[in-house]
Amino acid sequence: MKLGLVSSILDQSDYQEVINILAEQGLECVELACWPNEQATRRYSGVSHLDVDGLTSKKAQDVLDYAAKKGVEISALAYYPNFLESNLKKRSKCAIHFLKVIDASALLGINLVTTFIGRDQYKTVDENLDLMEGIWTPILRHAENKGVKIAIENCPMLFTKDEWPAGQNIMTTPAIWRKVFERFPSPNLGLNYDPSHFVWQQIDYIKPLYEFKDRIFHVHYKDIKVFPEKLADSGVMAYPLEFMSPKLPGLGDVDWAAYVKALKDIGYSGYTCIEIEDKDFEANYEEIQKSIELSVQYLRQLVPQSIAS
């Protein structure tokens, strides 16, 4: 397994500086943020370390050459919008940009993109599955034609009242994964597996690794801390951030030793990327970079560089 970083936390850096920071930390890969160049609508979105509009073979080779020079691989191109949102104009813009991200991934020879399925937060699961089929069938067909795999992260995108009542990503539980894969049996559709989102949903984050081992294309390391005293006061029907908080790996409730052991058990040998969304380390850009260092120090106990290489 190779250890890397989701680049979106480095929103003040350009592509080359991102690669430099990762190389300095001894990281082997990066999940590269590729949002459109427009105003961000939520935290960690709107970051673009690769402009996929008008990407030429020459520009793509320059991108690859710089990363290779620093000993860093691009694990995937990342774009996480809501493809199923009720605003049809926004929905169309998301799909158009994502097709460009798929094309860029193929041009770069990465052949993997990471994203969400999306969700209309006011519709039922079954209604969203039907909506998904209409929207995602041409997207998936395009990816198949390009030889690109799509890894869906299992984040519910339900944190505050903005995403209430059902969140903005339907691909959130093993039960729903089965329904999605039944409708889309394509080998090009899989998972970007993040155990932290199962913690606050009270779902076993180890067991699904074994059932869905052939669908795991990419892996995240992000932690979640559930505060029992807050949960006892607010209950599970509250906005999730009222009783939990994203943390650096090792500062939350994920048993990372058990998680990495399970990844090795299933024979996973792909990319594993640290995702940082810990507000305790966002006072300034120096603190953010320090949080990367701390995360690397912790995870190298479990994913040593000699093994990751």
Side-chain angles (χ1 to χ4, degrees), residues 41-45 78-99 113-143 150-205 207-209 211-212 215-217 220 222 224 226 231 234-244 246 277:
T41 56
R42 57 179 167 81
R43 293 173 73 231
Y44 313 115
S45 69
Y79 175 48
Y80 292 91
N82 184 358
F83 293 99
L84 308 189
E85 81 138 72
S86 57
N87 184 306
L88 298 183
K89 184 176 180 180
K90 291 181 179 179
R91 186 191 294 176
S92 177
K93 285 181 64 177
C94 291
I96 290 170
H97 183 75
F98 190 53
L99 294 179
V113 293
T114 50
T115 191
F116 297 140
I117 285 288
R119 180 172 186 160
D120 185 328
Q121 66 202 67
Y122 303 107
K123 293 183 182 296
T124 66
V125 170
D126 288 338
E127 287 172 333
N128 270 281
L129 289 172
D130 291 340
L131 182 62
M132 172 197 73
E133 277 204 71
I135 293 171
W136 270 89
T137 294
I139 294 174
L140 187 54
R141 185 180 302 118
H142 184 77
I150 301 174
I152 307 295
E153 187 182 347
N154 53 299
C155 176
M157 285 308 295
L158 174 58
F159 297 102
T160 64
K161 63 181 180 181
D162 294 339
E163 299 95 9
W164 187 88
Q168 296 180 354
N169 181 36
I170 197 173
M171 197 97 168
T172 56
T173 68
I176 295 176
W177 293 353
R178 295 185 197 102
K179 293 180 179 180
V180 172
F181 291 137
E182 182 179 344
R183 295 189 184 217
F184 288 134
S186 170
N188 287 62
L189 186 68
L191 300 167
N192 186 11
Y193 200 104
D194 187 328
S196 69
H197 302 303
F198 286 155
V199 171
W200 66 268
Q201 292 184 86
Q202 302 180 49
I203 296 173
D204 186 334
Y205 53 85
K207 186 179 178 181
L209 287 168
E211 179 180 351
F212 296 95
R215 292 284 189 172
I216 300 172
F217 296 166
H220 276 179
K222 185 175 71 179
I224 286 284
V226 175
L231 182 58
S234 66
V236 295
M237 301 296 288
Y239 303 131
L241 283 182
E242 291 185 18
F243 60 83
M244 66 83 165
E277 296 183 353

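Between Ile117 and Asn169 the shortest side-chain heavy-atom distance falls below 4.5 Å. Under the 4.5 Å side-chain criterion, counting only non-hydrogen atoms from C-beta, Thr172 is not in contact with Leu158. Side-chain contact between Phe184 and Ile150 is absent, with no heavy-atom pair separated by less than 4.5 Å. A 4.5 Å side-chain heavy-atom check between Thr115 and Ile152 finds at least one atom pair inside the cut-off. In this structure the side chain of Arg91 reaches within 4.5 angstrom of the side chain of Leu131, judged on heavy atoms. Considering only heavy atoms from C-beta on, Gln121 stays 4.5 Å or farther from Met157 through its side chain. For the pair Met244 and Phe159, the minimum side-chain heavy-atom distance is below 4.5 Å. A 4.5 Å side-chain heavy-atom check between Pro174 and Ile203 finds at least one atom pair inside the cut-off.
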Report task. Show your working on side-chain contact (heavy atoms from CB on, under 4.5 Å) between Lys161 and Tyr239 and close with a plain yes or no. Result -> CA-CA 7 Å; Lys161 63 181 180 181; Tyr239 303 131; 3.3 Å; yes
Requested in this report: Quick one: do Glu153 and Thr114 satisfy side-chain contact (heavy atoms from CB on, under 4.5 Å)? Show the steps, please.
Outcome: CA-CA 7 Å; Glu153 187 182 347; Thr114 50; over 6 Å; no
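Listed by first then second residue, pairs satisfying salt bridge (charged side-chain N to carboxylate O under 4.0 Å, His left out) with a partner in residues 119-128 number zero, not counting sequence neighbours.
Atom CE in Met171 sits 13.0 Å away from atom CG in Asn128 (nearest 0.5 Å). Here OG1 of Thr160 is found 10.0 Å from CD of Glu242. Values are rounded to the nearest 0.5 Å. A distance of 8.0 Å separates NE2 in His220 from NE2 in His197, rounded to the nearest 0.5 Å. Atom NE2 of His97 is separated from atom OH of Tyr79 by 5.5 Å, given to the nearest 0.5 angstrom.
Under the salt bridge (charged side-chain N to carboxylate O under 4.0 Å, His left out) criterion, Asp130 pairs with Arg183, sequence neighbours left out.
Looking at every heavy atom in both residues, Trp200 comes nearest to Pro240 through CZ3-CG, 3.5 Å. Here the closest non-hydrogen pair linking Lys222 and Ser196 is O-CB, 3.0 Å. Of all heavy-atom pairs between Trp136 and Phe116, the closest is CZ2-O, 3.4 Å. Here the shortest heavy-atom pairing between Pro138 and Gly134 reads CD-O, 3.5 Å. In terms of heavy-atom proximity, Ile170 sits nearest to Ile176 at O-CG2, 3.2 Å. Between Phe217 and Ala151 the shortest heavy-atom distance is CB-CB, 3.9 Å.
Thr137 places a side-chain N or O within 3.5 Å of a backbone atom of Glu133 that can act as its donor or acceptor partner. No donor-acceptor distance shorter than 3.5 angstrom exists from the side chain of Glu211 to the backbone of Lys207, with no hydrogens or angles considered. No donor-acceptor pair closer than 3.5 Å links the side chain of Asn154 to the backbone N or O of Tyr193.
For Trp177 and Phe212, the gap between ring centers is short of 6.0 Å.
Between Tyr80 and Ser45, the side chains place no donor N or O within less than 3.5 Å of an acceptor N or O (distance only, hydrogens not considered).
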